[in-house]
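For reference, the structure discussed in these notes is given below.
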Amino acid sequence: MDAAPKLNAAQMQAVTAPVGPLLVLAGAGTGKTRVVIARIAHLARRGNCPSRILAVTFTNKAAREMLGRANTLLQRKKDAPRPEISTIHSLCVRILRRHAARLGYPERFTIIDRGDQEGTARKVLKELKVPEATLRPADLLDRVSRWKSVGIRPDDAFANLSGDADESWELAAAGYRRYQQALRATGAVDFDDLLLVVDELFTTHEDARRQEASRFDHLLVDEYQDTSGIQERILAALARDHRSLCVVGDDDQSIYAWRGAQIAHILDFAHRWPGATVVRLEENYRSTPEIIKAANTLIAHNGRRHGKTLVSKAPSGVPPTIMQAQDEVDESQRVVSEVESLLREGATILAETAILVRTGEQTRVFEQELRRRDIAYELIGSRSFFDRREVKDVMAFLRLLVEPDDDLALSRIANVPPRGLSAHTIEKCRTAASLAGHSLWHELQAARAAGRLTAAAGTGIGMLERMVALRHGAAVAGAAETLRTLLDQADYRRHLDREYEEDLAEAEARWQCVEEVANALAHYEKAHGGGRDDEGFARLVRGFLDDLILEVTEAERHETDKEKGKGNKLRLMTLHAAKGLEFDCVWMVGMEEGILPHIRSLNDGLQAIDEERRLCYVGVTRARKRLSLSLCLTRMKWGKTKPCRPSRFLYELTGQAEKFQEQPAAPAAAPSPTKGKRPAKRVAKRR
DNA sequence: CCTGGCATCATTTTT
DNA sequence: TGATGCCAGG
């Protein structure tokens with residue numbers, strides 16, 4: 001990683017630039033993280049207390065890594081002040097917890113995760129009687145998120161509908177309003193709200209803004225090209241007074257427009273912050289000249305950019321290769337064979353290999369193949385751990401312990417394991433509760449008292465009551481211990497065993513996940529000093545759940561067997577998840593029109609294709625020594641075999657862009673007279 | 001109240 | 001091809 005032992009001139013310039021607005025345009029592999037950390041150290045050396053420095057990263061993983069490296073570099077004693085390094089979401093949670101009451105939010109709002117968002121969206125659409133074919137929950141959330149990322153409220157959404165918007169946008173606007181009402185009613189906020197509400201706080205309460213801004217004297221922002229409108233406003237509000245704002249990013253790696261990221265922020269930075277210093281890092285220490293050449297040729301096809309050209313400082317290697325497979329199964333077999341032969345030759349180790357895909361669905365065949373050949377791999381970035389039913393159940397149990405009035409959590413586990421409270425009963429009580437204006441928990445107890453429930457349901461509520469009662473004395477027993485008692489009382493282990501009685505290994509694996517949450521809680525408890533009283537315990541658990549939802553706390557994935565040399569695994573991930581990582585050998589698979597660029601961007605016009613190109617660029621620049629691209633001639637889609645065309649990016653990155661035709665010469669509909677493979681046209685001959 | 005079987009219909013990326 | 005939702009029967 002640190003191919004450059006000393007900072008080069010440009011890096012040095014960035015690190016020591018005068019305090020004030022600073023834009024570091026850092027291409028891929030130019031040592032940008034290093035620069036951020038070195039600048040923190042530089043500021044500290046100049047007499048700034050590290051704790052007055054705030055660095056914002058894009059992901060929690062990046063934050064953890066940066067914090068680790070910063071601590072090493074600062075070489076302080078244990079209790080010495082350390083810089084604050086976190087994602088903007090974690091930062092906002094902390095700000096909100098301090099000011100929630102002033103915004104008319106329930107003092108203890110809960111953050112809902114993607115799954116609950118989708119559940120809420122689904123319900124909203126059902127209430128509005130919108131058929132799923134018109135607007136799916138995920139689509140609604142997508143649009144809501146887009147609105148929120150630029151600060152558009154439900155009421156503004158209607159006003160903002162442009163003339164050419166189809167009716168689905170109107171439905172989405174209506175859905176947005178209902179969705180927001182639903183969240184409000186349960187005191188919940190989603191990921192976007194965290195930012196939206198902080199922005200609102202800063203606009204309406206100048207004193208709060210100043211108070212938060214004054215906690216730091218310096219602000220550094222990593223991956224600045226991916227900031228959304230609302231994020232930009234929050235960051236600006238924090239930096240406005242001291243103007244010590246150092247942003248680092250690469251416009252060519254902006255790949256989150258769909259989430260509201262605006263590339264304009266990095267393009268116009270110098271304009272919006274007058275007097276800003278601009279430093280460009282173009283010396284790449286990561287990849288061979290062959291790989292950099294492909295990357296440069298590719299990205300030159302994009303329109304709006306700062307126009308950097310990377311210069312490789314690494315020794316020459318092999319040119320990128322392109323492999324054409326019959327179908328996706330063939331592709332996976334040949335790619336994995338390549339991995340194996342490289343390993344056999346000793347050309348690389350597993351930990352230095354990665355297979356990158358455009359969509360999560362593509363990972364499937366590769367997983368199968370890797371498992372078949374017994375190659376250790378890790379699926380990165382999938383929120384699979386947190387999506388697991390048992391993990392969400394445990395989180396709901398835990399939430400209930402401190403927040404019995406949390407309707408979402410209660411309805412999740414009210415009948416898990418089954419205790420006579422059917423979905424129907426719960427739904428009925430939920431409606432009654434919202435009519436009466438109190439919580440589901442309250443309603444259940446009231447309904448039982450009024451004799452409106454079956455005996456079985458009554459018993460079930462009694463069981464829940466006993467579980468919730470565990471909160472008293474939890475401070476003494478300890479949080480993790482209390483959770484174990486609770487799970488015991490709920491008989492959750494037996495529940496899992498029964499659920500998967502035909503597959504005991506599965507039941508065991510799922511229980512392991514439960515254990516991991518308990519362990520993570522124990523960890524968190526130790527790190528934060530257990531709660532002293534009921535209130536302290538509640539705060540501890542709430543903080544833990546916040547972190548878990550934001551994935552700040554690492555719940556270590558269950559390690560299968562004792563891996564030889566732990567961490568020595570091939571990484572399998574999406575291109576998005578690969579941002580910020582690097583490997584000796586990278587395979588980019590599925591290089592076909594419709595996958596990369598994705599079909600949906602093909603319909604969305606040039607801007608969308610530019611973003612796909614940046615995505616491709618990100619993939620290419622992950623590779624240090626070897627880059628292998630592959631594509632399929634046909635692909636199985638919904639049980640049907642469909643032909644594929646090579647991605648335009650393959651032509652572009654080999655300098656043959658002119659050979660790509662937007663429309664296939666022969667209409668795809670016209671079947672070729674002779675069945676079988678199409679003429680093996682030589683795609684992208686090298687050089 | 002719960003379970004299993006059948007019909008339907010789908011197209012991305014994630015803090 | 002596979003996930004998910006709905007309905008009928010225990």
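Here is how names work: the chains are called A, B, and so on, in the same order as the sequence lines, proteins then strands, and each is numbered from 1. All heavy atoms count here, side chains included; hydrogens, waters and symmetry mates do not.
The number of heavy-atom neighbours closer than 6.0 Å to CZ of A:Arg494, taken from other residues, nucleotides and ligands shown, is 12 or below.
The pair A:Glu378-A:Arg571 meets the salt-bridge criterion, since a charged nitrogen lies less than 4.0 angstrom from a carboxylate oxygen. A:Arg452 has a carboxylate O that lies under 4.0 Å from a charged side-chain N of A:Glu443, or vice versa, which qualifies the two as a salt bridge.
Using a 4.0 Å cut-off, some side-chain N or O of A:Asn415 falls inside it from OP1 or OP2 of B:dC2. OP1 or OP2 of B:dT11 has not a single side-chain nitrogen or oxygen of A:Arg600 nearer than 4.0 Å.
In terms of the side chain to side chain contact (heavy atoms under 4.5 Å, CB included) criterion, A:Arg364 has no residue partners (sequence neighbours excluded). Residues passing the side chain to side chain contact (heavy atoms under 4.5 Å, CB included) test with A:Ser228 are A:Ser149, A:Ile230, A:Gln231, sequence neighbours excluded.
Comparing B:dT14, B:dT15, B:dT11 by their nearest atom to the side chain of A:Phe191 picks out B:dT15. Comparing B:dT11, B:dT13, B:dT15 against the side chain of A:His576 picks out B:dT13 as the nearest. Taking every side-chain heavy atom of A:Arg136 into account, B:dA10 is the closest of B:dT13, B:dC1, B:dA10.
Where A:Thr425 and A:Glu611 meet DNA chain B, the nucleotide closest to each residue was compared, and A:Thr425 sits on the side nearer the 5' end. Comparing A:Arg259 and A:Trp638 by the nucleotide of DNA chain B that holds the closest heavy atom to each, the one mapping nearer the 5' end is A:Trp638.
Computed from coordinates, the A:Leu550 CG to B:dT14 P distance equals 17 Å when rounded to whole Å. The distance from atom CD of A:Glu361 to atom P of B:dT11 is 10 Å, rounded to the nearest whole Å. The separation between A:Asp139 atom CG and B:dT12 atom C1' is 11 Å, rounded to whole Å. One can place CD1 of A:Ile255 at 9 Å from P of B:dT14, the figure rounded to the nearest angstrom. What separates CH2 of A:Trp258 from P of B:dT11 is a distance of 16 Å, to the nearest Å. For the pair A:Leu356 CG and B:dT12 C1', the computed distance is 15 Å after rounding to whole Å. The nearest whole Å value for the distance from the CD1 atom in A:Ile426 to the P atom in B:dC2 is 10 Å. When the P atom of B:dT14 is taken as reference, atom CG of A:Asp142 falls 12 Å away, rounded to whole Å.
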Report summary line: In B/S/- notation (B base, S sugar-phosphate only, - none; protein heavy atoms under 4.0 Å), nucleotides 2-10 of chain C written 5' to 3' is SS-S-----
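Remark: A:Arg143 qualifies as a cation-pi partner of A:Trp169 under the 6.0 Å distance and 45° angle criteria applied to the six-membered ring.
The base of B:dT12 sits within donor-acceptor range of the side chain of A:Arg358, with an N or O pair under 3.5 Å.
Nucleic acid contact class of A:Lys640 (heavy atoms, under 4.0 Å, all strands): none. Nucleic acid contact for A:Thr454: none, since no nucleic acid atom lies under 4.0 Å from a heavy atom of the residue. Residue contacts for A:Asp226: at a heavy-atom cut-off of 4.0 Å it reaches no nucleic acid atom on any strand shown. The residue A:Gly360 sits close only to the backbone: its heavy atoms come under 4.0 Å of sugar-phosphate atoms, none of a base.
B:dT13 and C:dT4 have their C1' atoms separated by 23 Å, given to the nearest Å. Only the C1' atoms considered, B:dT12 is 24 Å distant from C:dG5, to the nearest whole Å.
Atoms CD and CG, on A:Glu331 and A:Leu631 in that order, are 7.5 Å from each other to the nearest 0.5 Å.
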Requested in this report: Could you give me the CA-CA distance, side-chain angles and deciding distance for A:Arg94 and A:Ser86, then say whether side chain to side chain donor-acceptor pair (under 3.5 Å) is met?
Outcome: CA-CA 11 Å; A:Arg94 271 174 272 128; A:Ser86 81; 3.3 Å; yes
